[in-house]
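Only one structure is covered here, and it is reproduced in the block below.
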Number of protein chains: 2
Amino acid sequence: MIKTRNTKQKEKIIKYLKENKNKHLTIQEIQNALEDQIGLTTIYRMVNCLVEKGEIIKIPLDNKQGFCYQYKEHTAECESHYHLICEECGDLIHFKSDKVLNIIEQAQEDKKFFINNEKVVFYGKCKECQKNNK
Amino acid sequence: MIKTRNTKQKEKIIKYLKENKNKHLTIQEIQNALEDQIGLTTIYRMVNCLVEKGEIIKIPLDNKQGFCYQYKEHTAECESHYHLICEECGDLIHFKSDKVLNIIEQAQEDKKFFINNEKVVFYGKCKECQKNNK
DNA sequence: GTCCGTGCAAAAGTTTTGCATTTAC
DNA sequence: GTAAATGCAAAACTTTTGCACGGAC
């Protein structure tokens with residue numbers, strides 16, 4: 001499914017994703033943000049197309065079913081950021097560490113597995129949730 | 001939802017999970033494996049209860065909706081294993097690396113985020129799928 | 001004019017909930 | 001006997017599919 005034509009819907013979805021490169025958006029959030037109600041079907045199709053083309057990443061949510069999406073960052077500033085997802089509140093935090101690169105190399109050597117550098121996820125408990133239930 | 005009573009269903013589900021500590025099972029796989037058809041509802045409730053009690057982990061699947069579950073390993077042999085999930089075929093591979101511990105410490109320091117050592121996921125492409133589409 | 005993209009409705013898949021029945025204690 | 005666990009049916013939710021219509025080219 002490769003979308004080649006320029007449509008108003010396509011433009012608006014991509015514009016919104018680009019304006020929110022630092023956020024991880026669910027399909028619902030994308031639809032709610034776009035005032036002139038674009039059909040869910042269209043958003044799903046567009047987003048899946050962008051995932052296939054490698055322009056955005058798809059991250060599974062932990063505490064509920066579904067996924068969130070994020071435009072890939074190509075600036076130096078946001079390079080090599082990883083994801084911390086709180087198992088309790090579902091919050092998604094960016095995390096930078098050059099140590100992950102070593103692991104990526106090791107997986108390549110040990111298992112011949114190619115790790116997608118943009119999609120490394122650590123689940124656990126965020127600062128706030130740690131406070132709340134102790 | 002705290003299950004306290006001992007029932008046949010509970011016993012069988014836990015027995016099966018324990019016997020398959022090295023596997024990541026979906027709800028469907030658990031149901032199919034247990035000959036005397038235990039209701040899906042019961043399996044969902046039991047599994048969620050075990051997740052809450054911290055006896056098993058819940059890992060989101062990448063290429064389709066849903067989750068898989070695995071009994072926590074407490075033996076030295078399986079300690080500190082992490083997960084490689086193929087974005088293409090959905091295969092889940094175990095991976096050991098002591099380098100992850102450094103990252104866990106760093107997340108604690110930088111972000112005050114407590115990473116669940118049993119739930120570290122690297123998405124990417126497995127050996128076979130790398131071969132298949134080049 | 002052709003055919004791709006959209007959006008509605010419907011379907012498919014996963015997980016949760018309500019409720020009557022069964023079972024553990 | 002009481003309260004908890006089970007399991008069916010139905011609901012809730014997310015995602016996909018079929019199909020007719022509209023718009024891009």
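All of these numbers come straight from a predicted model, not from anything done at the bench. Labels below follow one simple rule: chain letters A, B, ... track the order of the sequence lines, proteins then strands, and each chain is numbered from 1.
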Worksheet item: Heavy-atom distance under 4.5 Å between the side chains of A/Lys21 and A/Gln70, does that happen here?
Response: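 They are not in side-chain contact.
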Worksheet entry | Student check: side-chain heavy atoms of B/Ile115 and B/Gln108 closer than 4.5 Å |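 No, their side chains stay 4.5 Å or more apart.
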Fill in: Rounded to 10 degrees, the angle between the two terminal axes of the helix from C/dG1-D/dC25 to C/dC25-D/dG1, each from five pairs
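What I find for the helix from C/dG1-D/dC25 to C/dC25-D/dG1 is an axis angle of 30°.
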Worksheet entry | Partners passing side chain to side chain contact (heavy atoms under 4.5 Å, CB included) against A/Thr41 (at least two apart in sequence or in another chain) |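 So A/Thr41 forms a side chain to side chain contact (heavy atoms under 4.5 Å, CB included) with A/Arg45.
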Item to complete: Tell me which nucleotide among D/dA3, D/dA24, C/dT14 gets nearest to the side chain of A/Thr7.
Response: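 From the listed options, D/dA24 comes nearest.
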Item to complete: Name the closest nucleotide to the A/Lys10 side chain, picking from D/dT14, C/dT6, D/dT2.
Response: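 Of all the options, the side chain of A/Lys10 is nearest to C/dT6.
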Think [X] has a side-chain N or O under 4.0 angstrom from the OP1 or OP2 of [N]?
{"X": "B/Tyr44", "N": "C/dT15", "result": "yes"}
{"X": "B/Thr41", "N": "D/dT6", "result": "no"}
{"X": "A/Gln37", "N": "C/dG7", "result": "no"}
{"X": "A/Thr4", "N": "C/dC4", "result": "no"}
{"X": "A/Asn48", "N": "D/dT16", "result": "yes"}

Worksheet entry | hbond_proxy B/Arg45 side chain to D/dA5 base (donor-acceptor, 3.5 Å cutoff) |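 There is none.
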Worksheet entry | More than 12 heavy atoms of other groups within 6.0 Å of A/Lys53 NZ |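 Yes.
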Practice prompt. With A/Cys68 as reference, evaluate A/Ile30, A/Leu25, A/Leu61 under the side chain to side chain contact (heavy atoms under 4.5 Å, CB included) test and give the passing residue.
Written response: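 Filter result, single survivor: A/Leu61.
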Worksheet entry | Pi-cation contact, B/Tyr69 with B/Lys58 (under 6.0 Å, within 45°) |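 No; the conditions do not both hold, so B/Lys58 does not lie above the ring face of B/Tyr69.
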